[in-house]
Amino acid sequence: SIVFLARTVGVVENNLVIQTNVGQMVYQVYGQGIQNPYKVHPFVGAKIPADVTYSPPIEIYNPHDDPLHVKEVFTSGGFLHLNLPDNVDTSSSLWDAILYTPKNSSLFFLTIFWVFYIDVEPHTKKTIINLAFISQQPGKYTGFVNIKSDKENMILHVDVLVVKGILIGFLPPPLTTHNKTKQPNV
């Protein structure tokens with residue numbers, strides 16, 4: 001099956017090219033990007049220096065009148081990792097891995113994923129997990145984050161460009177600081 005993941009709201013038109021051993025087939029395809037009611041978004045266009053961690057939070061808004069139950073989150077590819085945020089009760093979490101071989105292939109694929117149960121209360125937004133990516137090698141990295149809930153399954157596109165050297169205007173993520181109020185001397 002083919003999944004259309006819109007990057008923008010509105011009509012999208014493009015060509016789908018399927019390359020086979022007897023040549024290529026070109027299909028003109030159309031799609032309609034709609035507003036996401038869960039307010040999740042793709043992580044595309046990130047440009048980071050080599051050896052710098054890219055770790056944006058993945059937040060979900062619950063548009064329903066009853067709790068949204070997030071049941072599973074996993075990534076495609078071994079270069080994307082997931083970290084649980086501080087607000088998740090890890091007593092109900094576990095991780096699992098699947099090793100599989102596609103039909104007629106000698107390749108093996110390993111998918112590691114978190115299985116946990118987190119509730120997002122009605123009409124609220126919550127960080128459910130953090131994406132984590134770091135690379136020493138410059139290049140373009142593309143993958144997906146899959147989120148399974150009791151209402152819908154969501155797929156987020158991840159597209160990161162790793163460059164060598166220092167980026168002008170690049171700001172690393174802010175550090176968390178704890179300020180203590182100083183009492184005046186009396």
Side-chain angles (χ1 to χ4, degrees), residues 1-20 24-48 52-85 87-88 98 102 109 111-135 138-163 167 169-171 173:
S1 69
I2 297 173
V3 177
F4 170 66
L5 297 176
R7 293 185 184 199
T8 60
V9 174
V11 177
V12 176
E13 176 183 342
N14 212 327
N15 290 325
L16 173 64
V17 179
I18 300 174
Q19 188 69 40
T20 70
Q24 66 181 12
M25 296 177 281
V26 180
Y27 296 95
Q28 192 169 14
V29 292
Y30 303 89
Q32 174 79 33
I34 59 170
Q35 187 68 36
N36 183 322
Y38 298 98
K39 299 183 182 178
V40 293
H41 58 85
F43 296 97
V44 295
K47 190 175 186 181
I48 63 169
V52 172
T53 300
Y54 176 62
S55 187
I58 297 176
E59 299 176 324
I60 291 185
Y61 172 77
N62 179 3
H64 305 285
D65 292 330
D66 53 327
L68 174 71
H69 306 290
V70 176
K71 302 185 293 186
E72 184 179 339
V73 179
F74 60 97
T75 65
S76 67
F79 66 94
L80 288 175
H81 303 279
L82 300 170
N83 295 326
L84 290 174
N87 67 350
V88 173
I98 296 175
F109 294 92
T111 299
I112 298 175
F113 55 92
W114 284 101
V115 179
F116 60 93
Y117 305 96
I118 184 169
D119 291 337
V120 181
E121 294 303 319
H123 308 287
T124 61
K125 190 176 196 178
K126 188 173 194 176
T127 298
I128 60 161
I129 204 153
N130 296 318
L131 185 64
F133 170 78
I134 187 169
S135 177
K140 184 175 180 180
Y141 295 84
T142 300
F144 301 94
V145 176
N146 297 269
I147 302 169
K148 292 187 177 185
S149 78
D150 63 333
K151 307 282 188 209
E152 297 217 21
N153 295 332
M154 297 160 252
I155 301 173
L156 308 179
H157 184 195
V158 179
D159 198 11
V160 180
L161 179 63
V162 176
V163 297
L167 290 175
F170 174 78
L171 296 174

Are any of the side-chain heavy atoms of [X] and [Y] separated by less than 4.5 Å?
{"X": "V163", "Y": "P138", "result": "no"}
{"X": "I147", "Y": "N153", "result": "no"}
{"X": "V73", "Y": "N146", "result": "no"}
{"X": "L161", "Y": "I48", "result": "no"}
{"X": "I134", "Y": "V52", "result": "no"}
{"X": "T75", "Y": "L82", "result": "yes"}
{"X": "F4", "Y": "Q32", "result": "no"}
{"X": "L5", "Y": "F144", "result": "yes"}

Derivation of the side-chain contact (heavy atoms from CB on, under 4.5 Å) call for N130 and I58: CA-CA 6 Å; N130 296 318; I58 297 176; over 6 Å; no

Polar side-chain atom of [X] near backbone of [Y] as donor-acceptor pair, under 3.5 Å:
{"X": "S55", "Y": "A132", "answer": "no"}
{"X": "T127", "Y": "E59", "answer": "no"}
{"X": "N62", "Y": "H64", "answer": "yes"}
{"X": "S149", "Y": "K151", "answer": "yes"}

L16, CG: over 12 other non-hydrogen atoms inside 6.0 angstrom: yes

Y61 ring center near Y38 ring center (under 6.0 Å):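 Aromatic pair excluded; centres sit 6.0 Å or further apart.
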
Quick one: [atom1] on [X] to [atom2] on [Y], what's the gap to the nearest 0.5 Å?
{"X": "D65", "Y": "E121", "atom1": "CG", "atom2": "CD", "result": "12.0 Å"}
{"X": "L80", "Y": "F133", "atom1": "CG", "atom2": "CZ", "result": "7.0 Å"}
{"X": "H157", "Y": "S76", "atom1": "NE2", "atom2": "OG", "result": "8.5 Å"}
{"X": "H123", "Y": "L68", "atom1": "NE2", "atom2": "CG", "result": "11.5 Å"}
{"X": "N15", "Y": "M25", "atom1": "CG", "atom2": "CE", "result": "14.0 Å"}

Residues forming a ring-ring contact (aromatic ring centres under 6.0 Å, His included) with F43, sequence neighbours excluded: H41

Non-hydrogen atoms of N83 and I129 that approach each other most closely: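 For N83 and I129, the tightest heavy-atom pair comes out as O-CG1, 3.2 Å.
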
Closest contact, heavy atoms only, V120 versus T124: CG1-O, 3.5 Å

Distance-only side-chain donor-acceptor flag, T142 / D159, under 3.5 Å: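 Their side chains do contain a donor-acceptor pair, which is all the 3.5 Å distance test asks for.
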
F79 and Y141 aromatic ring geometry - parallel, tilted or perpendicular at 30°/60° bounds: tilted

Basic-acidic side-chain contact under 4.0 Å: D150, K71: no

